[in-house]
Amino acid sequence: MASTDQRPAPADRRWMRPRRFDRNLIVIGAGSAGLVSAYIAASAKAKVTLVEAHRMGGDCLNFGCVPSKALIKSASVAQQMRHADRYGLQSVEPRISFSAVMERIHKVIAEIEPHDSVERYTSLGVEVLQGHARFIDPWTVEIALNDGETLRLTSRAIIIATGAQPVVPPIPGMEEVGYLTSDTLWDRLRHRPEAPKRLVVLGGGPIGCELAQSFARLGSEVTQIEMAPRLMMREDEDASSLVEASLTADGVAVLTDHKAVACGVGADEKWIEIENAGQKRRISFDEIIAAVGRTPRLKGFGLQELGIDVDRTVQTNAYLQTLHPHILAAGDVAGPYQLTHVAGHQAWFAAINALFGDLKRFKVDYAVIPWATFTDPEVARVGLSETEARERNIPYEVTRFGIDDLDRAIADGSARGFVKVLTVPGKDKILGATIVGAHAGDLLAEFVFAMKHKHGLGKILGTIHIYPTLAEANKMVAGQWRRNHINGFLLSLLERFQTWRRG
């Protein structure tokens with residue numbers, strides 16, 4: 001995504017700007033970015049139309065965040081049953097009805113759906129149209145409604161929030177083996193009585209790791225294939241190694257530094273051929289999930305015809321404006337992060353700049369962006385990692401606290417992982433924090449808040465944390481930083497003073 005502060009060029013003179021507009025704002029896409037944009041516009045009393053071609057709630061509700069976390073929970077309970085002896089209980093092998101697990105996932109989606117429904121947004125003052133939107137000119141959108149009708153609307157501003165879709169790697173034979181993705185598996189596997197016996201997961205990023213671990217815990221023999229030398233390459237090696245060890249312990253065959261070169265169907269089974277160090281071998285499987293990333297949905301909306309650059313993402317400036325100032329983008333199509341909470345964050349800037357940008361514009365703020373991978377253990381981070389700091393030659397100090405030394409974690413049987421904080425050398429200013437462990441995504445919020453409001457570790461140390469909780473880990477790492485920076489000379493003076501006080 002471009003980040004220039006320059007105002008985009010005005011629209012080409014070949015298009016005639018309408019004298020009057022049907023709407024103040026049209027939002028294309030009803031995922032996180034689109035929903036928040038439409039909500040803000042309606043709250044500002046704008047006449048806003050939200051267009052969605054598929055399901056309200058977008059990828060997160062229907063294919064991503066919600067179903068995957070419901071799957072993870074079921075898999076986690078199954079694993080706890082297997083290891084109940086760790087808590088003084090009798091271990092049992094769970095009797096897993098995979099179809100019941102999948103039905104629960106769909107029930108969870110259905111229970112959350114009303115939050116993102118047509119009815120709710122209509123009640124908020126948003127006009128919701130279900131159909132496919134395409135630009136006719138910079139101010140006119142043609143909507144092919146799902147009921148077969150076609151509608152054209154003009155708008156003073158338009159926000160593109162069309163989301164992303166799974167990347168399918170160009171491996172020969174992928175189509176023949178009937179691959180799954182993180183979008184399609186929820187329906188394709190819905191009525192299976194058992195989890196796929198032999199499952200291949202392509203990809204070692206967050207989605208691949210979450211799915212590999214969950215399916216292994218639900219009974220699949222999982223092989224995870226990753227081209228990179230380790231899993232979760234965006235994280236530091238100490239974090240990814242803990243995740244890999246956990247996946248391996250759960251029965252996942254993790255194959256890093258392996259490249260998938262071909263797929264096929266034999267006489268009675270499917271196979272994938274992989275290559276490592278010049279050696280090739282085949283692995284048989286029943287199902288394969290492509291989880292190598294997601295790419296923005298950019299085609300079919302008429303963006304190229306307007307001259308809008310869509311190389312990988314919609315190119316915008318720091319205000320989320322495209323080449324045409326009144327056309328903005330938010331969410332996965334805008335980048336640089338494919339995260340639901342970032343899409344919602346961008347939506348505020350996109351909506352405000354769309355409605356009021358000719359009066360005052362606001363630059364989108366990416367200074368403090370948190371994210372988490374919900375494996376067991378979870379990995380959560382905000383700000384710089386050690387790897388990034390080294391690559392960018394940013395001076396830093398590292399303070400680390402092992403969660404295996406935390407009272408509540410010991411009591412809970414989750415005493416593994418760490419809290420690692422990067423600070424400015426000699427100061428308590430936080431440059432980044434990584435947490436690996438149970439509920440890391442929740443625990444990270446304290447560091448996100450501290451960084452957002454420019455509080456250092458001293459403020460965290462001076463905050464009372466309930467005992468015994470996992471949140472004490474944050475205070476413990478702050479205390480470790482303080483001990484590492486005690487002035488030795490002052491301590492010697494203090495010791496002499498106390499000696500003098502004793503007479």
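Given the structure is predicted, the values throughout are model-derived calculations rather than measurements.
Ion pairing between Arg281 and Glu273 fails under the 4.0 Å rule for side-chain N and carboxylate O.
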Between Arg188 and Asp183, is the salt bridge (charged side-chain N to carboxylate O under 4.0 Å, His left out) condition met? List the steps.
CA-CA 10 Å; Arg188 292 263 301 274; Asp183 280 13; over 6 Å; no
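For Arg400 and Phe418, the positive end sits near the middle of the six-membered ring, less than 6.0 Å away and at most 45° from its axis.
In this view, Trp348 and Ile40, Ile352, Phe362 satisfy the side chain to side chain contact (heavy atoms under 4.5 Å, CB included) rule, not counting sequence neighbours.
Between His345 and Phe349, the angle of the ring planes goes over 60°, which puts this pair in the perpendicular group of the 30/60° scheme. A perpendicular orientation is assigned to the rings of Tyr39 and Tyr121, their planes being inclined by more than 60° (bins at 30° and 60°).
Side-chain contact check for Ile369 versus Tyr337: some heavy-atom pair is nearer than 4.5 Å. Looking at Ile289 and Val200, their side chains never come closer than 4.5 Å, going by heavy atoms from C-beta outward. With a 4.5 Å cut-off on side-chain heavy atoms, Ile460 and Glu446 count as touching.
Contact record, Ser74 with Arg104: OG-NH1, 3.5 Å, taken as the closest heavy-atom pair.
A donor-acceptor pair shorter than 3.5 Å cannot be found between the side chains of Gln498 and Arg501.
For the side chain to side chain donor-acceptor pair (under 3.5 Å) criterion with Asp59, the lone passing option out of His54, Arg297, Gln165, Gln338 is Arg297. Put simply, the residue from Asp236, Thr373, Val379 that forms a side-chain contact (heavy atoms from CB on, under 4.5 Å) with Val436 is Val379.
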